Enquirer: 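I have a structure here, written as structure tokens, and I will follow up with some questions on it.
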Amino acid sequence: MPDRRRAKEIVFQAVVAILTFSTIAPLLHIIFSVFVEGLPVLIKGGISFLTDTLAPPSDGLGGIGPAIVGTFVLIALSSLMGLPIALMTGIYSAEYPRSIIGRAAKILLQIMMEFPTILVGLFVMELLVIPMGSYSALAGAFALAVIMMPYVAISTEEALKEIPRSYREAAFSLGLSRAQVVFRVLIKMAKRGTLTGILVGMAKVAGETAPLLFTAGGSERIYFRGLNRPIGAIPLLIYQLVQQPYDNYHQIAWGASLLLMLIFLGIFIPTRLLLREVKF
Amino acid sequence: MNSLEIINLNVYYGNRHVIKGINLKIPQKVVFAIIGPSGSGKSTLLRAINRLIELDEDAKVEGDVRLFKKSIYEMDPREVRRRIGMVFQQPNPFPHMSIYDNVALGPRLNKLVRNKEELDYLVEWALKKAALWDEVKDRLGDLASKLSGGQQQRLCIARALALKPDVLLLDEPTSALDPVSTAKIENLLLELKKSYTVVIVTHRIQQAARIGDYTAFLLDGKLVEVGDTAQIFVNPKDRRTEAYITGRFG
């Protein structure tokens, strides 16, 4: 009998191990193939792959400069629009958790976080692109801001709530106003959690494609020219290139994929390390 | 004149009635000890005295507390808290701030000083009053979290004193400390009562006997007995007081 129980145990463990592996296998495969296919492109393209504009069909690699600049411009712009609002939302729902707005915000933010991003793109198209008559950096950044905000708001709220009650009481006992308690004491204690949310939000929008389809418009051959003009982004460029029948475009797409992954991991890995340190 | 007068005070948390009709007069420049078993309402009473209880949305307060004859409910809560300082059970200096900034925060944000020299002077004064200056004067820029528990608690006392309060409330300030640190704080409180009214909640009966000029005994939200500490300990009028201080319950 004990032998049979032991055998069952081993089979169970093996099944769990196999299932676990098959869950993470796609991730490993993506990382592996992006490196194998993308690295030669980056080496062959050299620095000019980062700075040049898109090559003509079937004529070398050129570069993806406008898309790289576009991605960073979009991250910066969407942060500028989204972060202040998101931080205030997080602070509000942490400070007034029982209020109707506070409770509603919490639920709506959770929904927003899981919301299909393409619908965000459609919403911004209707709101900005159609009235303005053109795709624009502004519209792209706005769509990304909408996607970034719930991550930042929720992590800010959670970071503030993690602070032991006794520090809040201590701050209030010094005769401070609520604003002073929050902005001069608590938010600094919640710095790590808040920062983590901001970086996760940025990493998330750096990789988004769907919300940019109907808003940013893309720009492969011309660098950033203004808020009201179309703008490129690396994910958007990849999406456009793989649909083309040209071999060199597929290669460029692999190179762009590797760059995108490096940018994403460059934000994401330090964030995870930061996250582990959060404690009181 | 009494520094604090508590008049028919009732506190409710939702449906729970936690402070039941308490009347107390607390004279100036004394150590006033409040004793009682856990859950008797000691901490709640302190938080009603400096209106910190209003941070809790469930709490409802009836009755009055007067600070030098003026109702604290007619004052700005921020002014009440400035004039009635508080020290908590767990030492809670702000861990991300320096020793200096912990003391300087209150005066700075309440605009009690005009310039850096005045602030430096006030910080030094408060740290000396809290008997911590000699131990930290060479490392004011260090994080407060680097201090020992006893030092942190004295830093919290300095933080409260820096606002030049009239009254200092302490909620079991030594319960997390070792005997040496406890003795230091008790001596400090005896020193501080020369200029302040000190109200200390304690679950250690001996502490009340050692430092209290007056002692009040709370049980189940009610004031059972209040009087000279000597009288309370030697000749309690109520059987429940006697039972508590002789260790028969609590």
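Heavy-atom basis, side chains included; hydrogens, waters and symmetry copies ignored. Keep in mind that this is a model prediction, so the values were computed, not measured.
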Enquirer: Show the nearest heavy-atom pair for residues A:Tyr167 and B:Pro95, with the distance to one decimal.
Expert: CE2-CD, 3.5 Å
Enquirer: Does a sphere of radius 6.0 Å around CG in A:Leu27 hold more than 12 heavy atoms from other residues, nucleotides or ligands, not counting ones at 6.0 Å or beyond?
Expert: yes
Enquirer: At under 4.5 Å between heavy atoms, what parts of residues 71-92 of chain B are in contact with chain A? List them by residue number.
Expert: B:Arg78, B:Arg81, B:Arg82, B:Met86, B:Phe88, B:Asn92
Enquirer: Sort A:Arg165 into side chain, backbone, both or neither according to what part of it lies under 4.5 angstrom from a heavy atom of chain B.
Expert: side chain
Enquirer: Please name the pair of heavy atoms, one in B:Leu109 and one in A:Gln180, separated by the smallest distance, quoted to 0.1 Å.
Expert: O-NE2, 3.3 Å
Enquirer: Does A:Arg184 pair with B:Asp101 as a salt bridge, N-O distance under 4.0 Å?
Expert: no
Enquirer: In this structure, are over 12 heavy atoms from other groups packed under 6.0 Å from A:Ile24 atom CD1?
Expert: yes
Enquirer: Tell me, yes or no, whether the heavy-atom count around B:Tyr121 atom OH, taken from other residues, nucleotides or ligands under 6.0 Å, exceeds 12.
Expert: no
Enquirer: Going by residue number, which parts of residues 154-167 of chain B are within reach of chain A, meaning a heavy-atom gap below 4.5 Å?
Expert: B:Arg159, B:Leu163
Enquirer: Taking CG in A:Leu265 as the centre, count heavy atoms belonging to other residues, nucleotides or ligands within less than 6.0 Å. Is the count above 12?
Expert: yes
